[in-house]
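Just so it is clear, the structure is predicted and the values come from calculations on it, not from any experiment.
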Amino acid sequence: MTAHVELQQQLQETLLPFGFEVYPFQIGWYNAVLEPAFHLSYPKDTLAFVVLSIPSMFEKAFKPFLRHHKLQDLMDPIDQCVAYHMSLVKEFPSDKLDVIYDYQLHPNRRPKVLMQTAAHVSGAAYYYQRKDIPLDPWGSKKMFGVCIHPQFGGWFAIRAVLVFAEIQAPDLEQTLPLDCLPSQNDRIQLLEHFNFNWRDGKYRDVLPPKEKYSEEQTLYFATPPAERRKLLELQGELHPSPLC
């Protein structure tokens, strides 16, 4: 068994029970589709994994995390939960591991990793962009792309990239993401829902999902970040903050 296959199995056994999926890729695949300013500074065959959270993460990881851990004041609760579960990976008896989270930025505010690109090159989810629609109707409008998961549609999130900096995987074969929307009209509808009305979540249902967020989870993510702790207190997930 090759090192990357064994490592993928370990990651899946550790993270999948908590609602996280992992997909391998070579750093070279990622760098090949981006401008040099966005490249990751590792040899091209370096092994990396993109980590997704699927709908079950809320019940299997987040709520148990709230019951058993004290939240830090200045960090988003979901981010704390994800960081805790990535720390379980850091305990692997393997080589140097760099964990890059979706919210991390360089000093110039450029993302450390373009997570949707990482998801696409790993085969985890198809990254639909304006360039996928040859004759688009938007003129000079700026249109952002969005990833769609073949099983969960838009009901997932890309949380982190794990780079095993000292493991080379030259024999890793690239798996292309499943194109769930071959129709140009469907792609146009997806990008319009995402860019013009993303708050209503309709873009997430561009295909029938295997599972979607519960009402409780949907409410949590629809709540402004500054108000989420108060929501958790009202739901009984957290002890109320002490009065000053």
Note to self: Under a plain distance cut-off of 3.5 Å, with no hydrogens placed, do Thr46 and Gln26 share a side-chain donor-acceptor pair?
What the structure shows: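 Their side chains do not contain a donor-acceptor pair, so the 3.5 Å distance test is not met.
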Notebook entry, point to check: Do we see a donor-acceptor contact under 3.5 Å between the side chains of Tyr203 and Asn197?
Noted result: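 Short answer, no.
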Ion pair [X]/[Y], N-O distance below 4.0 Å:
| X | Y | result |
| --- | --- | --- |
| Lys112 | Asp102 | no |
| Asp205 | Lys212 | yes |
| Lys230 | Glu233 | yes |

Note to self: Check this for me: Tyr84, atom OH, are more than 12 non-hydrogen atoms of other residues, nucleotides or ligands nearer than 6.0 Å?
What the structure shows: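 No.
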Margin query: Please report the interatomic distance CZ(Phe144) to CD(Gln116), rounded to the nearest 0.5 Å.
Written below: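 Result: 10.5 Å between the selected atoms.
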Notebook entry, point to check: Out of curiosity, Cys81 SG to Leu66 CG, how far, rounded to the nearest 0.5 Å?
Noted result: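 Here the rounded value is 7.5 Å.
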Where the side chain of [X] meets the backbone of [Y], is there a donor-acceptor pair that is under 3.5 Å apart?
| X | Y | value |
| --- | --- | --- |
| His120 | Cys147 | no |
| Gln217 | Pro55 | yes |
| Arg228 | Thr223 | yes |

Next item on the list: Check the angle between the aromatic planes of Tyr30 and Phe25 and answer parallel, tilted or perpendicular using the 30° and 60° thresholds.
Entry: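 It falls in the tilted class, 30° to 60°.
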Item checked: Lys NZ or Arg CZ of Lys63 over Phe65 ring: under 6.0 Å, within 45° ->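 Judged by the rule (NZ or CZ under 6.0 Å from the ring centre, within 45° of its axis), Lys63 is not positioned above Phe65.
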Note to self: Tell me whether the NZ or CZ atom of Arg159 lies within the 45° cone about the ring axis of Phe20 and under 6.0 Å from its centre.
What the structure shows: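 Geometry flag: not set, cation outside 6.0 Å or 45°.
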Notebook entry, point to check: Among Asp132, Leu190, Ile188, whose side chain to side chain contact (heavy atoms under 4.5 Å, CB included) with Leu181 holds?
Noted result: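 Result for side chain to side chain contact (heavy atoms under 4.5 Å, CB included) with Leu181: Leu190.
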Next item on the list: Kindly determine whether Tyr103 and Asp76 satisfy side chain to side chain donor-acceptor pair (under 3.5 Å), including the steps that lead there.
Entry: CA-CA 10 Å; Tyr103 52 82; Asp76 180 83; over 6 Å; no
Next item on the list: Compare every heavy atom of Val22 with every heavy atom of Gln12, then report the nearest pair and how far apart it is.
Entry: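 Minimum heavy-atom separation between Gln12 and Val22: CG-CG2, 3.6 Å.
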Item checked: Glu59 to Glu216 - nearest heavy-atom pair and separation ->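 Scanning both residues, the minimum pair turns out to be OE2-OE1, 3.9 Å.
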Notebook entry, point to check: Do the two ring centres, one from Phe58 and one from Phe62, sit under 6.0 Å apart?
Noted result: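 Yes: the rings meet the under 6.0 Å criterion.
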Item checked: For Tyr42, side-chain hydrogen bond (donor to acceptor under 3.5 Å, both in side chains) partners two or more places apart ->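 Testing Tyr42 for side-chain hydrogen bond (donor to acceptor under 3.5 Å, both in side chains), a comparison that skips the adjacent residues, returns Asp98.
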Next item on the list: Tell me, with the steps shown, if Phe49 and Val89 meet side chain to side chain contact (heavy atoms under 4.5 Å, CB included).
Entry: CA-CA 12 Å; Phe49 292 84; Val89 176; over 6 Å; no
